[in-house]
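What follows is a set of notes on a single structure, which appears directly below.
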Amino acid sequence: MTENNTPFIEDNDQTRARREHLDKIQQLTGNAYPNKFRRTNLTASAEGEDTITSVVARFKHHEPPRIEGQRPTPEQLEAANAELKTLGDVRVGGRLSVPPRVMGKAAFVHLSDGRERLQIYVRRDDVRPMQHRGRELDGWELFGLLDHGDFIGVEGFLFVTKTGELSVHVRAFEFLAKALLPMPDKMHGISDPEIRQRQRYADLIAGSLKIDKDNETGAGGEAQEARELTTREVFERRSKIIREMRAFLDERGYIEVETPMLTPIASGAAARPFKTHHNALDIDLYARIAPELYLKRLVVGGFERVYELNRNFRNEGISTRHNPEFTMLEFYCAYMDVNGMMDFCEEMLRQSVIKATGDTAVRFGDEEIDFGKFERLTMKQAIAKYWDYEELSGEKFDVSWLDEPLRTFHMLHFWDSIEFDLAEAAQTANNDVERSLAIEFTKQRVKDHIWKEAKAGGSLTAISKIDRNVDTPKEVKVAHAIEGLFERVAEPHLVQPTFITDFPKPISPLSKASPADPSVAERFELYIAGMECANGFSELNDPVEQYERFKEQAGARERGDEEAMQMDTDYVRALAYGMPPAAGIGIGIDRIVMLLTNRRSIRDVILFPHMRPAAAAPKPEEATDAQAESIDAQAGGKA
RNA sequence: GGGCCGAUAGCUCAGUCGGUAGAGCAAGUGGCUUUUAACCACUGGGUCGCAGGUUCGAGUCCUGCUCGGCUCACCA
């Protein structure tokens, strides 16, 4: 047995053939991995060298207009080729995006630079290698050793083939790098979503190789519009959105800063952190869950407009909307309040969406989401608006009910009974008749008992069902109940951009109370497509009150709420130097990108999303609790 | 954690009632000097996710497990 020095390559007929080709190329050229390839710059491209994209963009128009099922006339070809001939030779590099189509003594193949493809044409009697070991080397022989996916650099003149395609007639070429692994299927790409996410490079290659006939033949504007973005286009758009948001802030006097990722205290949001250890200092550090408290220290220090666009880390579950590390844009503006921030956020998103997509409306699944107008509702209004069990309760929902704590709990209990008991009734039934009977029975029971109790303001049994912890202060329980109701009743319906305002104060420890109603915070969250996309508020700048709020959070922590916010005494001290009134916001960039690229999973808009390691089969006990843990609405980092 | 679906050649998939493992692409050989999902001919390629069970006989039926997807639940 010889030593296996390529354990990362499966051994099969495909890889063996490629390896044999590589050995022969190495023998013939002396160097199968040359260090550089000098390209021309006929296109005067931004890169300073001709790329396949720049060549296609610059010279594609020489192709005669295509007519279905017809070849261009000899006159058309002659005219195009006469013009192209004056350009002289072009040198470009790329990956063989198809297996060579060899026809005896000539061959066609396409090269790709990841974005565009350009056809090259090689003739046996008219091609020489640029590289050799001092002796004669047959270019055709070297060409025969090329595999789908290899990189080569070519030199030759541009021309248009009989079928009308812009191509390079190659006179000389250089072998640049080998693809030892077979390329993804040219028609299907990579269908396994796991491989797409785990091996993003293969996904991106597949996108550049995939032959999309509708797209190739320029089927027209409408078809183009309906087409799904490729993986590459998703990330190009992501880059563009981020660039536009930065530009929007930069133009308005915001300064970008970087605050610590590794922090001694993980605070500024309600979430559990990742823990690590600094050896030299011998202290534990936490990956930040939010930059909020650092950014506000900077507002104290005189940065009136400041932003940070970077990763937050939360040690929580993974879902289609949650990745353990995610990108958040957080910014603060002195002298502004929550209303100004909502206006600003709305304008910023609208502008960025237009610049990234060309329109204010985007298609997301079956929905069309319009960034042209954002709705604003208080949390209680939202509950009332989407309370759709009037038929069951027999009367219209009245917002004022939510002003009574006990009744609020019963409303939550009522809702849960409807949702869960009906689901259970449907599940335990053995047949359709039984099922409809069970559902009717449950409905009647809910209406006769739970609803009546709820309306009456009933007993405490409902509360103990929702929160058994007797030490929790009543206001906190009520706050959680209202929020719980909101999440169940309203959140799934918030498809069009909607600001939810007037959050209960106890769940908003960093925001100012509303002057109009001290029980609510001047805080909002932006919901789009049922997802929490942003979270902002009038920043609490009274150090004494902030200290008290932190202490309340510490109490919640002691009662077992692991996500309650951590006291940060240095931050409170910073506030004691005086912070101007200010508004702040955190925007979940990944979720915005999901909306603008029509991707249902956050893993499709993160290049390398976190996944369980491929090889390591987890032990049974590890497998279970990693996922059962709580998942917070991570876009809502600000709070 | 529950429910549903899936795992078969390098890739994408088919495989009927339980009876010798299939196609297209890719690969190898030969042919073809303007093809384009090139074409024509021939050839090689399989631990049917893993472990048990039923059976004369299992890709197929049963049980358990692993991995993945969707979904529900959990969720500041």
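Each chain gets a letter, A, B and so on, in the order its sequence line appears, and its residues count up from 1. It should be emphasised that the depicted structure is a prediction, and the values quoted were computed from it without experimental measurement.
Atom CD of A/Glu10 and atom C1' of B/A27 are 14 Å apart (whole Å). B/C75 atom P lies 13 Å from atom CD of A/Glu491, rounded to whole Å. The CD-C1' distance, from A/Glu525 to B/C75, rounds to 13 Å in whole Å. The separation between A/Asp185 atom CG and B/C13 atom P is 9 Å, rounded to whole Å. In this structure, the NE2 atom of A/His148 is 13 Å from the C1' atom of B/A27, given to the nearest Å. A/Gln197 has its CD atom 11 Å from the P atom of B/G68, to the nearest Å. Following rounding to the nearest Å, A/Arg523 (CZ) and B/A76 (C1') show an atom-to-atom distance of 7 Å. Nucleotide B/G30 holds its P atom 18 Å from the CE atom of A/Met103, rounded to whole Å.
Contacts of A/Phe486 with the nucleic acid, taken as non-hydrogen atoms under 4.0 Å apart, are absent. Within the nucleic acid shown, A/Val109 has no heavy atom closer than 4.0 Å to any nucleic acid atom. Within 4.0 Å (heavy atoms only), A/Asp561 reaches at least one base atom of the nucleic acid. Among the atoms of the strands shown, base atoms are found under 4.0 Å from some heavy atom of A/Arg101. A/Arg603 comes within 4.0 angstrom of sugar-phosphate atoms only, judged by non-hydrogen atoms across all strands, and of no base.
Within the 4.0 Å cut-off from OP1 or OP2 of B/G28, at least one side-chain nitrogen or oxygen of A/His21 is found. Contact annotation: A/Lys105 side-chain N/O to B/U33 OP1/OP2 distance is under 4.0 Å. OP1 or OP2 of B/U35 lies within a sub-4.0 Å distance of a side-chain N or O belonging to A/Arg71. Applying the 4.0 Å criterion to OP1 and OP2 of B/G69, one finds that A/Arg196 has every side-chain N and O outside that range.
Defined by atom type and a distance below 3.5 Å, a donor-acceptor pair is missing between the side-chain atoms of A/Glu330 and A/Asn312. For the 3.5 Å distance criterion, the side chains of A/Thr53 and A/Glu116 fail to qualify, holding no donor opposite an acceptor. Counting only N and O atoms by type, the side chains of A/Arg523 and A/Asn535 include a donor and acceptor under 3.5 Å apart. For the residue pair A/His169 / A/Asp126, a side-chain donor-acceptor distance below 3.5 Å is found, with atom types taken as modelled. The closest side-chain donor-acceptor pair between A/Gln119 and A/Tyr121, if any, does not fall under 3.5 angstrom. Side-chain contact check for A/Asp568 and A/Ser267: no donor-acceptor pair (N or O, by modelled atom type) lies under 3.5 Å.
Applying the 3.5 Å distance criterion, the base of B/U33 shares a donor-acceptor pair with the side chain of A/Arg123. One N or O donor and one acceptor, one from the side chain of A/Gln553 and one from the base of B/A76, sit under 3.5 Å apart. Side-chain to base pairing of A/Asp13 with B/G44: one donor and one acceptor N or O lie within less than 3.5 Å of each other. Looking at A/Glu165, its side chain has no donor and acceptor atom pair within 3.5 Å of the base of B/U34. Not a single donor-acceptor contact under 3.5 angstrom links the side-chain atoms of A/Glu483 to the base of B/A76.
Using Watson-Crick or G-U wobble geometry with both donor-acceptor distances under 3.5 Å, B/A7 finds its partner in B/U66. If you check B/U60 for Watson-Crick or wobble pairing at under 3.5 angstrom, you find it has no partner at all. Here B/G1 sits opposite B/C72 as a Watson-Crick or G-U wobble pair (both hydrogen-bonding atom distances under 3.5 Å). Across all strands shown, B/U16 has no partner, as no Watson-Crick or G-U wobble contact with both distances under 3.5 Å is found.
Remark: the separation of the P atoms in B/C25 and B/A37 is 13 Å, to the nearest Å. B/C48 and B/G59: their P atoms are spaced 7 Å apart (whole Å). Annotation: B/U29 and B/G45 have their C1' atoms spaced 15 Å apart (nearest Å). Separating the P atom of B/U60 from that of B/C17 is a span of 15 Å, rounded to the nearest Å. Between the P atoms of B/G31 and B/C50, the separation comes to 42 Å (whole Å). Between the P atoms of B/G57 and B/C67, the separation comes to 32 Å (whole Å). Comparing B/G28 with B/G44, their C1' atoms are spaced 7 Å from each other, to the whole Å. The same atom, P, is picked in B/G6 and in B/G49; the two are 13 Å apart, to the nearest Å.
Comparing B/U33, B/A38, B/G10 against the side chain of A/Asn12 picks out B/G10 as the nearest. Of the candidate nucleotides B/G28, B/U35, B/A38, B/G28 has the atom lying nearest to any side-chain atom of A/Ala17. Taking the side chain of A/Tyr121 as heavy atoms from C-beta on, and the options B/U34, B/A76, B/A27, the nearest nucleotide is B/U34.
Taking the side chain as every heavy atom from C-beta outward, A/Arg16 and A/Asp11 approach each other to under 4.5 Å.
Aromatic pair A/Tyr386/A/Phe486: centroids not less than 6.0 angstrom apart.
Mapping A/Ser167 and A/Pro184 onto RNA chain B by nearest heavy atom places A/Pro184 at the nucleotide closer to the 5' end. Between A/Thr320 and A/Pro506, the residue whose closest nucleotide on RNA chain B is further toward the 5' end is A/Thr320.
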